[in-house]
Amino acid sequence: MIRDATMSRPRKRAMIRILQVVGYLAAMFLTLKLFLSIVGDDESGHPPVGDDLRRLMINAEADNTRRSLNVERVCKKYNLGFYRKLAEDSPFKHPPAPQYMVFYMDRIHNVSYCPVYKAGTTTWLYNLCLLMNVPERTLNHGKEQLSSIARRAIPELDYPEAARFLNASTKLLVVRHPFERLLSAYRDKLENSVAGREHGTFHFYRKYGAKIVRKYRGKDFAKPRADQVIRREGAPPPAGVEPTFREFVNYIIDTDLGSYGDDHWMPYYLFCTPCLVRYDIIAKVETLWRDQVYAIDKLGLQNKIKPRWRHSNNYANASRVYFSQLSKTTVQRLYEKLRLDFELFDYSPDAYYEYAISVD
């Protein structure tokens with residue numbers, strides 16, 4: 001028998017996916033190399049110039065186009081937002097209009113920013129405040145949430161003015177791997193009700209943490225092992241009443257996030273509604289410094305702000321440490337809960353299944 005020389009469809013799809021991954025890794029390597037060569041040890045370093053800037057902009061522009069086209073493709077796939085056909089159903093509950101009140105709409109510089117909390121918001125709210133001439137000493141004193149300072153500098157616009165401005169302005173969105181964002185929200189807001197009380201951890205414990213513990217802590221409760229928790233250096237120990245990461249994840253899985261979710265873990269598609277707002281710039285935390293250079297240039301703000309990285313408390317193995325508390329079944333259920341965010345912004349859950357334990 002003579003074998004068909006053409007490649008089978010599954011094999012062809014696998015080869016395309018491999019090439020995409022290789023291309024992404026190559027772009028990440030070039031971005032990191034450029035970042036290190038320009039910034040060195042200064043996280044707020046100067047942006048590139050000349051050929052370096054041109055290469056960065058070409059790379060970022062290509063990524064931005066791919067991200068925008070992918071959002072459009074997924075919105076069409078699930079019959080959402082602009083692309084909804086009334087005669088067809090969608091598997092996802094979706095808002096009928098954007099949440100105009102969550103945007104920071106800077107009319108002076110013609111930019112609208114939707115703040116996905118735990119996805120670079122500290123960096124971009126800081127930038128917006130600088131654009132509005134808020135003194136850096138006000139931003140750095142740490143006594144008030146940056147979002148509150150930014151909201152005073154950029155008040156909400158009422159409908160229909162908000163709709164008109166949003167449509168006419170340059171729209172910016174920054175996203176992050178959905179599991180990484182969720183873990184960051186848990187660690188920052190719910191893991192320790194004692195540390196960071198001035199920034200709301202006790203509020204989060206009373207509003208969410210205590211209820212999560214009451215609902216999900218069974219009689220067979222076992223505290224996470226020491227190697228399943230990362231304690232911040234210098235922070236006071238938690239009170240011992242806070243929910244574990246596993247309890248928090250079970251809460252997320254069981255909750256109607258559109259009705260009861262907090263802004264820090266509400267899915268992107270519900271909060272910033274990318275199927276209803278055509279974002280001009282879609283940045284990612286994974287390439288945030290490069291994407292900042294790109295966004296600042298596209299917005300024409302090179303002489304007003306510079307790329308910076310604010311409030312970055314990253315731990316290289318945090319995901320492995322915390323997802324080791326979950327079973328593969330739980331990770332799968334969590335993925336299904338956030339699947340639309342994964343697909344919209346081309347993220348994969350695969351590595352997190354490897355971190356998880358095999359059984360419930």
Side-chain angles (χ1 to χ4, degrees), residues 64 67 71 95 97-132 134 138-139 142 144-159 162-163 165-166 169-178 180-189 196 199-200 203-204 257-258 261-289 291-292 294-296 298-299 301 305 307-313 338 341 344-345:
N64 192 65
R67 292 167 184 175
V71 167
Q99 294 196 88
Y100 297 109
M101 69 180 66
V102 308
F103 282 84
Y104 289 85
M105 300 183 184
D106 177 357
R107 287 181 287 187
I108 298 174
H109 303 96
N110 195 44
V111 58
S112 294
Y113 168 57
C114 186
V116 174
Y117 294 101
K118 311 311 299 178
T121 46
T122 302
T123 295
W124 270 103
L125 290 178
Y126 196 97
N127 283 336
L128 289 175
C129 285
L130 291 180
L131 289 174
M132 303 307 292
V134 177
T138 302
L139 302 176
E144 187 177 12
Q145 289 278 36
L146 190 56
S147 57
S148 299
I149 300 172
R151 185 52 79 195
R152 281 202 305 274
I154 307 174
E156 295 174 13
L157 296 182
D158 294 327
Y159 185 86
F165 180 79
L166 184 62
S169 63
T170 301
K171 293 167 280 295
L172 169 66
L173 177 66
V174 185
V175 296
R176 181 182 188 180
H177 192 289
E180 294 294 330
R181 179 199 175 212
L182 197 69
L183 175 56
S184 180
Y186 165 75
R187 297 194 63 225
D188 192 42
K189 301 299 182 184
H199 293 304
H203 159 79
F204 274 84
L257 297 177
D262 185 86
D263 294 352
H264 292 81
W265 50 80
M266 187 178 292
Y268 307 142
Y269 76 92
L270 293 173
F271 193 69
C272 289
T273 57
C275 292
L276 287 167
V277 178
R278 291 188 175 93
Y279 288 93
D280 302 282
I281 301 169
I282 300 175
K284 290 189 173 185
V285 166
E286 292 80 5
T287 51
L288 185 57
W289 187 86
D291 291 352
Q292 281 191 84
Y294 171 73
I296 289 169
K298 294 291 282 187
L299 294 167
L301 300 173
I305 54 176
R308 64 185 70 241
W309 193 293
R310 305 288 304 181
H311 198 66
S312 178
N313 294 318
L338 303 174
D341 281 356
L344 282 167
F345 300 105

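These figures come from a predicted structure and were not determined experimentally.
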- [ ] State whether the side chain of Tyr159 and the backbone N or O of Met101 hold a donor-acceptor pair below 3.5 Å, judged by distance alone.
- [x] no

Task: Heavy-atom donor-acceptor pair, Arg181 side chain to Tyr117 backbone, under 3.5 Å - done: yes

Task: Nearest non-hydrogen partners of Leu276 and Pro98, listed with the distance - done: CD1-N, 3.9 Å

Task: Asn127 side, atom CG; Met132 side, atom CE - distance, nearest 0.5 Å - done: 13.5 Å

Task: Contact check, side chains of Pro274 and Leu344, non-hydrogen atoms, under 4.5 Å - done: yes

Open item on the list: Quick check against the 3.5 Å criterion: does Lys118 have a side-chain atom that pairs as donor or acceptor with the backbone of Trp265?
Closed with: no

Open item on the list: For the backbone of Ile154 and the side chain of Arg151, can you confirm whether one donor and one acceptor N or O come within less than 3.5 Å of each other?
Closed with: yes

Task: Tyr268 backbone acceptor or donor facing Asp341 side chain under 3.5 Å - done: yes

Task: Salt-bridge criterion met for Asp280 and Lys298 (N-O under 4.0 Å) - done: no

TODO: Taking all heavy atoms of Pro178 and all of Leu338, pick out the closest pair and write down the distance.
DONE: CB-CD1, 4.2 Å

TODO: Report the residue from Phe204, Tyr186, Phe271 that forms a ring pair (Phe, Tyr, Trp, His ring centres under 6.0 Å) with His264.
DONE: Phe204

Open item on the list: Looking at Tyr113 and Leu128, would you say the former's side chain and the latter's main chain have a donor-acceptor pair under 3.5 Å?
Closed with: no

Task: Nearest non-hydrogen partners of Val285 and Gly120, listed with the distance - done: CG2-N, 3.8 Å

Open item on the list: Go through it in stages, so that I can follow the logic: the residues are Leu131 and Ile305, the test is side-chain contact (heavy atoms from CB on, under 4.5 Å), and I'd like the CA-CA distance, side-chain angles, deciding distance and then a yes or no.
Closed with: CA-CA 7 Å; Leu131 289 174; Ile305 54 176; 3.8 Å; yes

Open item on the list: Within the structure provided, determine whether Val277 and Cys272 are in side-chain contact (heavy-atom separation under 4.5 Å).
Closed with: no

Open item on the list: Any non-hydrogen side-chain atom of Thr123 less than 4.5 Å from a side-chain atom of Leu288?
Closed with: yes

TODO: Could you tell me which non-hydrogen atom of Ser112 sits nearest to which non-hydrogen atom of Ser169, and how far apart they are?
DONE: OG-OG, 2.7 Å

Task: Verdict with reasoning, Tyr100 to Met105, per side-chain contact (heavy atoms from CB on, under 4.5 Å) - done: CA-CA 9 Å; Tyr100 297 109; Met105 300 183 184; 4.3 Å; yes

Open item on the list: Whether the side chain of Asp106 engages the backbone of Val111 through a donor-acceptor N/O pair (distance < 3.5 Å, no angle test) should be reported.
Closed with: no

TODO: Using atom types as modelled and distance alone, determine if a side-chain donor or acceptor of Lys284 lies under 3.5 Å from a backbone N or O of Ile282.
DONE: no

TODO: Would you give the length of the straight line joining atom OH of Tyr104 to atom CG of Leu125, rounded to the nearest 0.5 angstrom?
DONE: 5.0 Å

Task: Rounded distance [0.5 Å steps], CD in Gln145 versus OG1 in Thr122 - done: 8.5 Å

- [ ] Using only heavy-atom distances, determine whether the side chains of Asp291 and Thr287 contain a donor-acceptor pair under 3.5 Å.
- [x] yes

TODO: Would you name the heavy atoms of Pro307 and Trp289 that are closest together and state the gap between them?
DONE: CB-NE1, 3.4 Å

Open item on the list: Do Phe103 and Lys171 have side chains that approach each other closer than 4.5 Å (heavy atoms only, starting at C-beta)?
Closed with: no

Open item on the list: I want to check something: taking the side chain as every heavy atom from C-beta on, are Leu130 and Arg308 in contact at a cut-off of under 4.5 Å?
Closed with: yes

Task: Exercise: identify the closest heavy-atom pair between Cys129 and Leu139 - done: CB-CD2, 3.6 Å

Open item on the list: With side-chain contact (heavy atoms from CB on, under 4.5 Å) as the criterion, how do Val134 and Ile149 come out once you've worked through the C-alpha distance, each side chain's angles and the decisive distance to 0.1 Å?
Closed with: CA-CA 9 Å; Val134 177; Ile149 300 172; 4.0 Å; yes

Open item on the list: Are Thr121 and Val174 packed together at the side-chain level, in the sense that at least one heavy-atom pair is separated by less than 4.5 angstrom?
Closed with: no

TODO: Ignoring hydrogens and angles, tell me if any N or O in the side chain of Gln99 forms a donor-acceptor pair with the backbone of Leu270 under 3.5 Å.
DONE: yes

Open item on the list: A side-chain contact here means heavy atoms from C-beta on lying under 4.5 Å apart; do Gln292 and Trp124 qualify?
Closed with: yes

- [ ] Would you indicate whether the side-chain heavy atoms of Arg107 and Leu157 approach each other to under 4.5 Å?
- [x] yes

Open item on the list: As an exercise, state the distance from CD1 of Ile281 to OG1 of Thr170, rounded to the nearest 0.5 Å.
Closed with: 6.5 Å

